[in-house]
Protein chains: 2
Amino acid sequence: MQSTAFSPHDHSHCISSAINHAQSLCAQRGVRLTPVRQRVLELVWRSHQPIGAYELLAALAKEGFNSAPPTVYRALEFLSEQGLLHKLDSINAYVGCCNPETPHQGHFLLCQVCNKAQELESQYINLALKVSADQHGFEIQRHTIEIIGTCKECIDKPSLSELTP
Amino acid sequence: MQSTAFSPHDHSHCISSAINHAQSLCAQRGVRLTPVRQRVLELVWRSHQPIGAYELLAALAKEGFNSAPPTVYRALEFLSEQGLLHKLDSINAYVGCCNPETPHQGHFLLCQVCNKAQELESQYINLALKVSADQHGFEIQRHTIEIIGTCKECIDKPSLSELTP
DNA sequence: TGACAGTTGTTATAATATAACATAACATCC
DNA sequence: GGATGTTATGTTATATTATAACAACTGTCA
Ligand SMILES: [Zn+2]
Ligand SMILES: [Zn+2]
Ligand SMILES: [Zn+2]
Ligand SMILES: [Zn+2]
(Lines give C-alpha, C1' and ligand atoms only; values in the text may rest on other atoms or scores of the structure.)
(Ligands and ions follow the chains in the order given, each with its own letter.)
Protein backbone atom coordinates (compact mmCIF):
# COMPACT_ATOMS: atom_id res chain seq x y z
CA MET A 1 0.00 0.00 0.00
CA GLN A 2 1.57 3.26 -1.08
CA SER A 3 1.32 6.49 0.88
CA THR A 4 -1.90 8.30 0.21
CA ALA A 5 -3.83 11.36 1.25
CA PHE A 6 -5.69 9.14 3.68
CA SER A 7 -2.75 7.78 5.63
CA PRO A 8 -0.60 9.80 8.03
CA HIS A 9 2.36 11.43 6.35
CA ASP A 10 4.56 14.49 6.40
CA HIS A 11 2.12 16.86 4.80
CA SER A 12 4.48 19.83 4.85
CA HIS A 13 6.37 17.90 2.20
CA CYS A 14 3.22 17.70 0.07
CA ILE A 15 2.79 21.45 0.35
CA SER A 16 6.37 22.48 -0.39
CA SER A 17 6.61 20.00 -3.23
CA ALA A 18 3.39 21.31 -4.77
CA ILE A 19 4.48 24.93 -4.54
CA ASN A 20 7.95 24.18 -5.91
CA HIS A 21 6.46 22.28 -8.83
CA ALA A 22 4.01 25.07 -9.48
CA GLN A 23 6.73 27.71 -9.47
CA SER A 24 9.01 25.88 -11.84
CA LEU A 25 6.17 24.85 -14.15
CA CYS A 26 4.83 28.37 -14.39
CA ALA A 27 8.34 29.68 -15.06
CA GLN A 28 8.83 27.05 -17.79
CA ARG A 29 5.52 27.92 -19.37
CA GLY A 30 5.97 31.67 -19.15
CA VAL A 31 2.86 32.21 -17.07
CA ARG A 32 2.71 34.15 -13.84
CA LEU A 33 2.14 32.53 -10.48
CA THR A 34 1.08 35.80 -8.90
CA PRO A 35 0.75 36.21 -5.12
CA VAL A 36 -2.98 35.58 -5.04
CA ARG A 37 -2.64 32.54 -7.32
CA GLN A 38 0.13 31.07 -5.25
CA ARG A 39 -1.73 31.77 -2.04
CA VAL A 40 -4.86 30.05 -3.35
CA LEU A 41 -2.75 27.07 -4.31
CA GLU A 42 -1.22 27.00 -0.83
CA LEU A 43 -4.66 27.20 0.75
CA VAL A 44 -5.90 24.37 -1.45
CA TRP A 45 -2.91 22.35 -0.32
CA ARG A 46 -3.42 23.07 3.38
CA SER A 47 -4.96 19.62 3.54
CA HIS A 48 -6.10 16.76 1.38
CA GLN A 49 -9.67 17.79 1.97
CA PRO A 50 -11.05 19.51 -1.10
CA ILE A 51 -11.94 23.11 -0.29
CA GLY A 52 -14.79 25.26 -1.59
CA ALA A 53 -14.39 28.56 -3.40
CA TYR A 54 -16.06 30.59 -0.68
CA GLU A 55 -13.99 28.96 2.01
CA LEU A 56 -10.90 30.02 0.08
CA LEU A 57 -12.36 33.47 -0.27
CA ALA A 58 -12.83 33.77 3.49
CA ALA A 59 -9.26 32.66 4.09
CA LEU A 60 -7.95 35.20 1.58
CA ALA A 61 -10.03 37.94 3.16
CA LYS A 62 -8.49 37.23 6.58
CA GLU A 63 -5.07 37.74 5.05
CA GLY A 64 -5.90 41.07 3.50
CA PHE A 65 -6.33 39.87 -0.06
CA ASN A 66 -9.14 41.15 -2.15
CA SER A 67 -12.21 39.19 -1.24
CA ALA A 68 -14.74 39.32 -4.00
CA PRO A 69 -15.74 36.05 -5.68
CA PRO A 70 -14.08 36.79 -9.04
CA THR A 71 -10.71 36.92 -7.32
CA VAL A 72 -10.83 33.34 -6.19
CA TYR A 73 -12.63 32.00 -9.24
CA ARG A 74 -10.01 33.57 -11.48
CA ALA A 75 -7.21 32.05 -9.46
CA LEU A 76 -8.94 28.67 -9.53
CA GLU A 77 -9.40 28.95 -13.27
CA PHE A 78 -5.73 29.75 -13.79
CA LEU A 79 -4.55 26.93 -11.52
CA SER A 80 -6.92 24.51 -13.17
CA GLU A 81 -5.74 25.48 -16.65
CA GLN A 82 -2.18 24.89 -15.52
CA GLY A 83 -3.16 21.47 -14.17
CA LEU A 84 -2.22 22.47 -10.64
CA LEU A 85 -5.57 21.54 -9.17
CA HIS A 86 -8.78 19.74 -10.01
CA LYS A 87 -12.38 20.52 -9.31
CA LEU A 88 -14.54 17.79 -7.82
CA ASP A 89 -17.93 18.31 -9.40
CA SER A 90 -19.79 16.08 -7.00
CA ILE A 91 -18.99 18.38 -4.08
CA ASN A 92 -18.11 21.71 -5.77
CA ALA A 93 -14.69 21.76 -4.21
CA TYR A 94 -11.09 21.97 -5.33
CA VAL A 95 -8.09 19.81 -4.58
CA GLY A 96 -4.43 20.06 -5.47
CA CYS A 97 -2.94 17.86 -8.17
CA CYS A 98 0.17 15.82 -7.29
CA ASN A 99 1.28 15.41 -10.85
CA PRO A 100 0.80 18.67 -12.73
CA GLU A 101 3.65 18.15 -15.20
CA THR A 102 1.53 16.07 -17.53
CA PRO A 103 -1.94 17.54 -18.04
CA HIS A 104 -4.60 14.98 -17.30
CA GLN A 105 -8.10 14.41 -16.07
CA GLY A 106 -8.09 12.97 -12.59
CA HIS A 107 -9.89 10.05 -11.04
CA PHE A 108 -10.65 10.50 -7.37
CA LEU A 109 -11.41 8.55 -4.27
CA LEU A 110 -13.37 10.75 -1.90
CA CYS A 111 -13.88 9.67 1.70
CA GLN A 112 -17.16 10.77 3.23
CA VAL A 113 -15.84 10.37 6.76
CA CYS A 114 -12.57 12.32 6.72
CA ASN A 115 -13.47 14.30 3.58
CA LYS A 116 -10.08 13.71 2.03
CA ALA A 117 -9.58 13.08 -1.66
CA GLN A 118 -6.98 10.87 -3.27
CA GLU A 119 -6.23 11.12 -6.94
CA LEU A 120 -5.81 7.84 -8.77
CA GLU A 121 -3.63 7.07 -11.75
CA SER A 122 -5.38 4.09 -13.18
CA GLN A 123 -4.80 3.10 -16.74
CA TYR A 124 -7.43 0.40 -16.17
CA ILE A 125 -10.06 3.05 -15.59
CA ASN A 126 -8.93 5.03 -18.61
CA LEU A 127 -8.99 1.90 -20.71
CA ALA A 128 -12.44 0.88 -19.50
CA LEU A 129 -13.76 4.34 -20.29
CA LYS A 130 -12.13 4.28 -23.71
CA VAL A 131 -13.55 0.85 -24.55
CA SER A 132 -17.06 1.97 -23.62
CA ALA A 133 -16.72 5.20 -25.55
CA ASP A 134 -15.31 3.41 -28.60
CA GLN A 135 -18.23 1.00 -28.62
CA HIS A 136 -20.46 4.01 -29.19
CA GLY A 137 -18.10 5.77 -31.60
CA PHE A 138 -17.81 8.47 -28.95
CA GLU A 139 -14.80 10.75 -28.82
CA ILE A 140 -13.71 11.59 -25.28
CA GLN A 141 -12.64 15.13 -24.47
CA ARG A 142 -12.69 15.09 -20.71
CA HIS A 143 -14.33 13.29 -17.82
CA THR A 144 -15.48 13.49 -14.25
CA ILE A 145 -14.67 10.35 -12.27
CA GLU A 146 -15.38 10.55 -8.55
CA ILE A 147 -15.67 7.52 -6.31
CA ILE A 148 -17.34 8.34 -3.02
CA GLY A 149 -17.04 6.02 -0.04
CA THR A 150 -14.95 5.30 3.02
CA CYS A 151 -11.17 5.15 3.10
CA LYS A 152 -9.18 2.40 4.77
CA GLU A 153 -8.12 4.62 7.67
CA CYS A 154 -11.70 5.55 8.42
CA ILE A 155 -12.84 1.95 8.18
CA ASP A 156 -10.09 0.84 10.58
CA LYS A 157 -10.22 3.63 13.16
CA PRO A 158 -13.56 5.28 12.73
CA SER A 159 -13.01 8.36 14.86
CA LEU A 160 -9.34 9.29 14.70
CA SER A 161 -8.44 9.67 11.08
CA GLU A 162 -10.48 12.83 10.57
CA LEU A 163 -7.70 14.68 12.32
CA THR A 164 -4.64 14.04 10.19
CA PRO A 165 -4.05 16.63 7.46
CA MET B 1 -24.07 -0.55 -32.74
CA GLN B 2 -27.14 -0.57 -30.54
CA SER B 3 -29.73 2.20 -30.51
CA THR B 4 -28.73 5.06 -28.27
CA ALA B 5 -29.86 8.46 -27.16
CA PHE B 6 -27.62 9.88 -29.85
CA SER B 7 -29.06 8.07 -32.85
CA PRO B 8 -32.48 8.78 -34.37
CA HIS B 9 -35.21 6.63 -32.86
CA ASP B 10 -38.87 6.62 -31.90
CA HIS B 11 -38.55 8.73 -28.80
CA SER B 12 -42.23 8.55 -27.94
CA HIS B 13 -41.50 4.93 -27.14
CA CYS B 14 -38.78 6.01 -24.69
CA ILE B 15 -41.24 8.33 -22.98
CA SER B 16 -44.16 5.94 -22.68
CA SER B 17 -41.89 3.12 -21.60
CA ALA B 18 -40.33 5.29 -18.90
CA ILE B 19 -43.69 6.44 -17.58
CA ASN B 20 -45.14 2.93 -17.61
CA HIS B 21 -42.13 1.58 -15.75
CA ALA B 22 -42.35 4.39 -13.24
CA GLN B 23 -46.02 3.80 -12.59
CA SER B 24 -45.68 0.08 -12.06
CA LEU B 25 -42.52 0.44 -9.95
CA CYS B 26 -44.10 3.03 -7.70
CA ALA B 27 -47.20 0.87 -7.33
CA GLN B 28 -45.03 -2.15 -6.44
CA ARG B 29 -43.09 -0.15 -3.90
CA GLY B 30 -46.13 1.49 -2.35
CA VAL B 31 -44.92 5.02 -3.09
CA ARG B 32 -46.96 7.70 -4.79
CA LEU B 33 -46.19 8.94 -8.27
CA THR B 34 -48.19 12.14 -7.72
CA PRO B 35 -49.13 14.43 -10.61
CA VAL B 36 -46.22 16.80 -10.13
CA ARG B 37 -43.76 13.92 -9.77
CA GLN B 38 -45.04 12.23 -12.90
CA ARG B 39 -45.03 15.50 -14.81
CA VAL B 40 -41.43 16.21 -13.81
CA LEU B 41 -40.48 12.74 -14.99
CA GLU B 42 -42.25 13.35 -18.30
CA LEU B 43 -40.47 16.67 -18.69
CA VAL B 44 -37.12 15.05 -17.97
CA TRP B 45 -37.94 12.48 -20.62
CA ARG B 46 -38.95 15.05 -23.23
CA SER B 47 -35.52 14.50 -24.68
CA HIS B 48 -32.24 12.80 -24.05
CA GLN B 49 -30.73 16.14 -23.18
CA PRO B 50 -30.32 16.45 -19.42
CA ILE B 51 -32.50 19.28 -18.11
CA GLY B 52 -31.82 21.72 -15.30
CA ALA B 53 -34.01 22.19 -12.24
CA TYR B 54 -35.00 25.73 -13.12
CA GLU B 55 -35.82 24.79 -16.67
CA LEU B 56 -38.16 22.17 -15.27
CA LEU B 57 -39.58 24.76 -12.94
CA ALA B 58 -40.34 27.11 -15.82
CA ALA B 59 -42.07 24.31 -17.72
CA LEU B 60 -44.15 23.42 -14.67
CA ALA B 61 -45.10 27.05 -14.17
CA LYS B 62 -46.41 27.29 -17.75
CA GLU B 63 -48.69 24.36 -17.04
CA GLY B 64 -50.15 25.87 -13.90
CA PHE B 65 -48.21 23.80 -11.41
CA ASN B 66 -46.78 25.40 -8.33
CA SER B 67 -43.57 27.03 -9.38
CA ALA B 68 -41.34 27.52 -6.38
CA PRO B 69 -37.98 25.75 -6.34
CA PRO B 70 -38.81 23.29 -3.56
CA THR B 71 -41.53 21.81 -5.74
CA VAL B 72 -39.16 20.67 -8.43
CA TYR B 73 -36.31 19.75 -6.10
CA ARG B 74 -38.66 17.58 -4.06
CA ALA B 75 -39.88 15.84 -7.17
CA LEU B 76 -36.31 15.34 -8.36
CA GLU B 77 -35.32 13.96 -4.98
CA PHE B 78 -38.20 11.50 -5.03
CA LEU B 79 -37.51 10.38 -8.58
CA SER B 80 -33.83 10.03 -7.84
CA GLU B 81 -34.49 7.95 -4.73
CA GLN B 82 -36.70 5.69 -6.81
CA GLY B 83 -33.92 5.34 -9.39
CA LEU B 84 -36.08 6.93 -12.09
CA LEU B 85 -33.54 9.58 -12.97
CA HIS B 86 -29.92 10.52 -12.43
CA LYS B 87 -28.25 13.83 -11.76
CA LEU B 88 -25.22 14.73 -13.85
CA ASP B 89 -22.97 16.60 -11.46
CA SER B 90 -20.71 18.03 -14.13
CA ILE B 91 -23.58 20.05 -15.62
CA ASN B 92 -26.11 20.23 -12.77
CA ALA B 93 -28.79 18.60 -14.86
CA TYR B 94 -31.07 15.61 -14.68
CA VAL B 95 -31.71 12.78 -17.09
CA GLY B 96 -34.11 9.85 -17.09
CA CYS B 97 -32.89 6.37 -16.26
CA CYS B 98 -33.72 3.60 -18.73
CA ASN B 99 -33.33 0.81 -16.22
CA PRO B 100 -34.88 1.88 -12.92
CA GLU B 101 -35.82 -1.64 -11.79
CA THR B 102 -32.40 -2.33 -10.36
CA PRO B 103 -31.01 0.61 -8.40
CA HIS B 104 -27.59 1.60 -9.65
CA GLN B 105 -25.17 4.41 -10.16
CA GLY B 106 -24.96 5.39 -13.78
CA HIS B 107 -22.05 5.98 -16.11
CA PHE B 108 -22.72 8.57 -18.77
CA LEU B 109 -21.55 9.67 -22.16
CA LEU B 110 -22.37 13.35 -22.58
CA CYS B 111 -22.11 14.97 -26.00
CA GLN B 112 -21.06 18.61 -25.94
CA VAL B 113 -22.47 19.23 -29.40
CA CYS B 114 -26.02 17.85 -29.19
CA ASN B 115 -26.09 17.91 -25.37
CA LYS B 116 -27.57 14.44 -25.16
CA ALA B 117 -26.59 11.93 -22.50
CA GLN B 118 -26.38 8.18 -22.88
CA GLU B 119 -26.20 5.96 -19.86
CA LEU B 120 -23.71 3.09 -20.07
CA GLU B 121 -23.90 -0.30 -18.46
CA SER B 122 -20.27 -1.24 -18.37
CA GLN B 123 -19.11 -3.93 -16.02
CA TYR B 124 -15.58 -3.12 -17.21
CA ILE B 125 -15.85 0.36 -15.76
CA ASN B 126 -17.31 -0.95 -12.52
CA LEU B 127 -14.55 -3.52 -12.31
CA ALA B 128 -11.81 -0.99 -13.01
CA LEU B 129 -13.21 1.28 -10.31
CA LYS B 130 -13.46 -1.60 -7.87
CA VAL B 131 -9.89 -2.72 -8.54
CA SER B 132 -8.56 0.78 -7.93
CA ALA B 133 -10.62 1.20 -4.80
CA ASP B 134 -9.57 -2.22 -3.48
CA GLN B 135 -5.92 -1.35 -3.96
CA HIS B 136 -6.44 1.44 -1.47
CA GLY B 137 -8.69 -0.53 0.85
CA PHE B 138 -11.40 1.94 -0.09
CA GLU B 139 -15.06 0.99 0.25
CA ILE B 140 -17.21 2.38 -2.55
CA GLN B 141 -20.62 3.79 -1.71
CA ARG B 142 -21.46 5.68 -4.87
CA HIS B 143 -19.80 7.36 -7.77
CA THR B 144 -20.02 10.06 -10.40
CA ILE B 145 -18.79 8.91 -13.81
CA GLU B 146 -19.35 11.35 -16.65
CA ILE B 147 -17.51 11.17 -19.95
CA ILE B 148 -17.75 14.40 -21.90
CA GLY B 149 -17.01 14.53 -25.59
CA THR B 150 -18.59 14.21 -29.01
CA CYS B 151 -21.02 11.50 -30.05
CA LYS B 152 -20.77 9.54 -33.28
CA GLU B 153 -23.72 11.33 -34.85
CA CYS B 154 -22.19 14.73 -34.17
CA ILE B 155 -18.81 13.63 -35.49
CA ASP B 156 -20.41 12.32 -38.70
CA LYS B 157 -22.90 15.10 -39.40
CA PRO B 158 -21.78 18.09 -37.44
CA SER B 159 -24.81 20.32 -37.87
CA LEU B 160 -27.90 18.10 -38.14
CA SER B 161 -27.93 15.83 -35.15
CA GLU B 162 -28.71 18.58 -32.67
CA LEU B 163 -32.29 18.37 -33.85
CA THR B 164 -33.37 14.81 -33.07
CA PRO B 165 -34.95 14.31 -29.66
C1' DT C 1 -64.01 11.72 13.98
C1' DG C 2 -59.31 12.44 15.21
C1' DA C 3 -54.62 11.34 14.91
C1' DC C 4 -50.94 10.60 11.97
C1' DA C 5 -47.83 10.37 7.98
C1' DG C 6 -46.89 12.10 3.78
C1' DT C 7 -47.20 15.71 0.49
C1' DT C 8 -47.51 20.35 -1.13
C1' DG C 9 -47.52 25.59 -0.62
C1' DT C 10 -45.00 29.60 0.64
C1' DT C 11 -41.42 32.70 1.98
C1' DA C 12 -36.99 33.45 2.66
C1' DT C 13 -32.23 32.57 2.22
C1' DA C 14 -27.91 29.88 1.39
C1' DA C 15 -24.34 28.42 -1.68
C1' DT C 16 -22.06 28.52 -5.98
C1' DA C 17 -20.62 31.06 -10.01
C1' DT C 18 -20.33 34.67 -13.72
C1' DA C 19 -21.03 39.23 -16.39
C1' DA C 20 -19.47 43.63 -17.20
C1' DC C 21 -16.68 47.26 -16.90
C1' DA C 22 -12.99 50.06 -14.55
C1' DT C 23 -8.27 50.28 -13.01
C1' DA C 24 -3.62 48.74 -12.29
C1' DA C 25 0.64 46.25 -13.37
C1' DC C 26 3.72 44.58 -16.59
C1' DA C 27 6.10 44.09 -21.02
C1' DT C 28 7.80 45.80 -25.36
C1' DC C 29 9.03 48.89 -28.71
C1' DC C 30 10.42 53.31 -30.15
C1' DG D 1 11.62 57.41 -20.54
C1' DG D 2 6.99 57.45 -22.69
C1' DA D 3 3.46 55.36 -25.75
C1' DT D 4 1.13 51.22 -26.40
C1' DG D 5 -0.80 46.63 -25.98
C1' DT D 6 -1.58 42.79 -22.92
C1' DT D 7 -2.43 40.58 -18.75
C1' DA D 8 -4.11 40.76 -14.18
C1' DT D 9 -6.87 42.67 -10.55
C1' DG D 10 -10.64 45.53 -8.38
C1' DT D 11 -15.46 46.39 -8.02
C1' DT D 12 -20.34 46.11 -8.44
C1' DA D 13 -23.99 43.68 -9.62
C1' DT D 14 -26.36 39.65 -10.83
C1' DA D 15 -27.15 34.82 -12.43
C1' DT D 16 -27.61 30.07 -11.22
C1' DT D 17 -28.34 26.23 -8.26
C1' DA D 18 -30.16 24.50 -3.97
C1' DT D 19 -32.09 24.31 0.83
C1' DA D 20 -34.31 25.79 5.43
C1' DA D 21 -38.32 26.48 7.91
C1' DC D 22 -42.87 26.40 8.77
C1' DA D 23 -47.82 26.38 7.36
C1' DA D 24 -51.53 24.07 5.04
C1' DC D 25 -53.54 20.34 2.80
C1' DT D 26 -54.57 15.18 1.66
C1' DG D 27 -55.12 10.53 2.27
C1' DT D 28 -55.28 6.55 5.52
C1' DC D 29 -56.71 4.08 9.17
C1' DA D 30 -58.12 3.26 13.88
ZN1 LIG E 1 -0.16 15.46 2.29
ZN1 LIG F 1 -11.41 8.75 5.38
ZN1 LIG G 1 -35.43 8.42 -26.88
ZN1 LIG H 1 -23.93 14.60 -30.12
Side-chain angles (χ1 to χ4, degrees), chain A residues 22-23 26-41 43-44 49-82 84-95 110 115 144 146, chain B residues 22-23 26-41 43-44 49-82 84-95 110 115 144 146:
Chain A
Q23 288 174 337
C26 287
Q28 270 177 42
R29 294 173 184 167
V31 296
R32 294 169 56 203
L33 190 62
T34 61
V36 69
R37 289 170 175 173
Q38 177 166 332
R39 190 64 192 129
V40 167
L41 187 59
L43 289 167
V44 164
Q49 300 176 341
I51 186 172
Y54 278 72
E55 206 177 334
L56 288 167
L57 202 51
L60 288 177
K62 273 193 193 164
E63 302 176 6
F65 283 92
N66 179 33
S67 62
T71 298
V72 74
Y73 281 105
R74 284 165 180 162
L76 289 170
E77 184 185 20
F78 171 86
L79 296 168
S80 179
E81 279 170 354
Q82 297 303 321
L84 295 166
L85 55 72
H86 299 284
K87 178 179 183 188
L88 300 188
D89 285 327
S90 66
I91 55 171
N92 296 317
Y94 304 82
V95 70
L110 181 49
N115 295 312
T144 293
E146 297 166 26
Chain B
Q23 288 173 338
C26 288
Q28 269 176 44
R29 295 173 183 168
V31 296
R32 293 169 56 205
L33 190 63
T34 61
V36 69
R37 289 169 174 174
Q38 176 164 335
R39 191 63 191 128
V40 166
L41 187 60
L43 289 168
V44 164
Q49 299 176 340
I51 185 171
Y54 279 72
E55 204 178 336
L56 287 167
L57 202 52
L60 288 176
K62 273 193 193 163
E63 301 175 6
F65 282 91
N66 180 32
S67 61
T71 298
V72 74
Y73 281 104
R74 285 165 178 162
L76 289 170
E77 184 185 19
F78 171 86
L79 295 168
S80 180
E81 279 169 354
Q82 297 302 321
L84 296 165
L85 55 73
H86 298 285
K87 178 179 181 187
L88 300 187
D89 284 326
S90 65
I91 54 170
N92 297 316
Y94 303 82
V95 69
L110 181 51
N115 295 312
T144 294
E146 296 165 26

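Proteins come first, then strands; the chains are lettered A, B, ... in the order of their sequence lines, and each starts at number 1. Just so it is clear, the values below take in all heavy atoms, side chains as well, and ignore hydrogens, waters and symmetry mates.
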What is the distance from [atom1] of [X] to [atom2] of [N], rounded to the nearest Å?
{"X": "A/Y73", "N": "C/dA20", "atom1": "OH", "atom2": "P", "value": "18 Å"}
{"X": "B/D89", "N": "C/dA17", "atom1": "CG", "atom2": "P", "value": "12 Å"}
{"X": "A/N92", "N": "D/dT16", "atom1": "CG", "atom2": "P", "value": "16 Å"}
{"X": "A/I51", "N": "C/dA15", "atom1": "CD1", "atom2": "C1'", "value": "15 Å"}
{"X": "A/L76", "N": "D/dA8", "atom1": "CG", "atom2": "P", "value": "15 Å"}
{"X": "B/K87", "N": "D/dT17", "atom1": "NZ", "atom2": "C1'", "value": "8 Å"}
{"X": "A/L79", "N": "D/dA8", "atom1": "CG", "atom2": "P", "value": "12 Å"}
{"X": "B/L57", "N": "D/dA15", "atom1": "CG", "atom2": "P", "value": "16 Å"}

Can you give one letter per nucleotide of nucleotides 6-14 of chain C, going 5' to 3': B for a protein heavy atom under 4.0 Å from the base, S for sugar-phosphate only, - for none? -SBBBB---
Between [atom1] of [X] and [atom2] of [Y], what distance do you get to the nearest 0.5 Å?
{"X": "A/D89", "Y": "A/T144", "atom1": "CG", "atom2": "OG1", "result": "4.0 Å"}
{"X": "A/Q49", "Y": "A/L110", "atom1": "CD", "atom2": "CG", "result": "10.0 Å"}
{"X": "B/N92", "Y": "B/I51", "atom1": "CG", "atom2": "CD1", "result": "13.5 Å"}
{"X": "B/Q28", "Y": "B/Q23", "atom1": "CD", "atom2": "CD", "result": "12.5 Å"}

Looking only at heavy atoms, which two atoms of A/R32 and A/F78 are closest? And how far apart?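 Between these two residues, the closest heavy atoms are O-CZ, 3.5 Å.
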Under 3.5 Å, side-chain donor or acceptor atoms of residues 56-71 of chain B against the rest of the protein: list the pairs with distances, not counting sequence neighbours.
residue : atom : partner : partner atom : Å
B/E63   : OE1  : B/R39   : NE           : 2.7
B/E63   : OE2  : B/R39   : NE           : 3.2
B/E63   : OE2  : B/R39   : NH2          : 2.8
B/N66   : ND2  : B/T71   : OG1          : 2.6
B/T71   : OG1  : B/A68   : O            : 3.4

Distance test, side-chain N/O of A/Y94 to OP1/OP2 of C/dT16, below 4.0 Å: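 False: A/Y94 side-chain N/O out of range (4.0 Å or more) of C/dT16 OP1/OP2.
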